[in-house]
Amino acid sequence: MKKKENLVAVLERMGYNPKYDDDGDVLILYQMKHVYFLLHEEEEDNYVSLMYPQFIDIEDGDESPGN
């Protein structure tokens, strides 16, 4: 079984409804937000990159104190 198939099977057992995006990455909806799982089948390493992109509008003056 390939890495993506294993990941999809695990996510389904956990109660999620995983789908594939246009690039073939696995994604789920978690707390009304998309979570992407990026895998590279050709690499031998067993790791998954997790991408949880969240974007918000920042108005002038709302920047973080570190900026």
Side-chain angles (χ1 to χ4, degrees):
M1 188 180 284
K2 292 185 176 184
K3 292 179 192 179
K4 285 185 184 181
E5 292 168 348
N6 280 333
L7 175 63
V8 167
V10 167
L11 291 169
E12 287 174 341
R13 282 194 306 260
M14 294 175 69
Y16 295 103
N17 184 22
K19 300 189 183 317
Y20 292 98
D21 70 1
D22 294 338
D23 296 328
D25 301 317
V26 178
L27 72 105
I28 61 170
L29 192 62
Y30 177 73
Q31 295 184 353
M32 298 178 59
K33 296 176 180 147
H34 288 100
V35 179
Y36 294 85
F37 298 87
L38 312 174
L39 297 107
H40 302 281
E41 294 291 342
E42 64 277 356
E43 294 183 17
E44 293 181 21
D45 295 334
N46 290 320
Y47 71 91
V48 174
S49 297
L50 178 68
M51 186 171 62
Y52 187 64
Q54 304 306 312
F55 300 96
I56 58 171
D57 290 331
I58 297 178
E59 300 295 325
D60 235 3
D62 287 344
E63 294 87 4
S64 68
N67 291 340

Write down the atom of [X], the atom of [Y], and the distance for their closest heavy-atom approach.
| X | Y | answer |
| --- | --- | --- |
| L29 | M32 | CD1-C, 3.7 Å |
| D25 | F37 | CB-O, 3.9 Å |
| Y16 | P18 | O-CD, 3.2 Å |
| H34 | Y52 | O-CD1, 3.9 Å |

Look at the side-chain heavy atoms of Ile, Leu, Val, Met, Phe, Trp and Tyr, link any pair under 4.5 Å apart, and say whether [X] and [Y] land in one connected group.
| X | Y | value |
| --- | --- | --- |
| V48 | L50 | yes |
| L11 | Y36 | no |
| L38 | L27 | yes |

Look at atom OH of Y30 and say whether more than 12 heavy atoms of other residues, nucleotides or ligands are closer to it than 6.0 Å.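 Incorrect, the count does not exceed 12.
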Between CD on residue E12 and CG on residue L7, distance to nearest 0.5 Å: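 Between atom CD of E12 and atom CG of L7 there are 10.0 Å.
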Got a donor-acceptor contact below 3.5 angstrom from the K4 side chain to the Y20 backbone?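 Looks like no, no N/O pair under 3.5 Å.
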Would K19 and D21 count as a side-chain contact (heavy atoms from CB on, under 4.5 Å) if you check the C-alpha gap in whole Å, the side-chain angles of each, and the deciding distance to 0.1 Å? CA-CA 7 Å; K19 300 189 183 317; D21 70 1; over 6 Å; no
With side-chain contact (heavy atoms from CB on, under 4.5 Å) as the criterion, how do R13 and V10 come out once you've worked through the C-alpha distance, each side chain's angles and the decisive distance to 0.1 Å? CA-CA 5 Å; R13 282 194 306 260; V10 167; 3.3 Å; yes
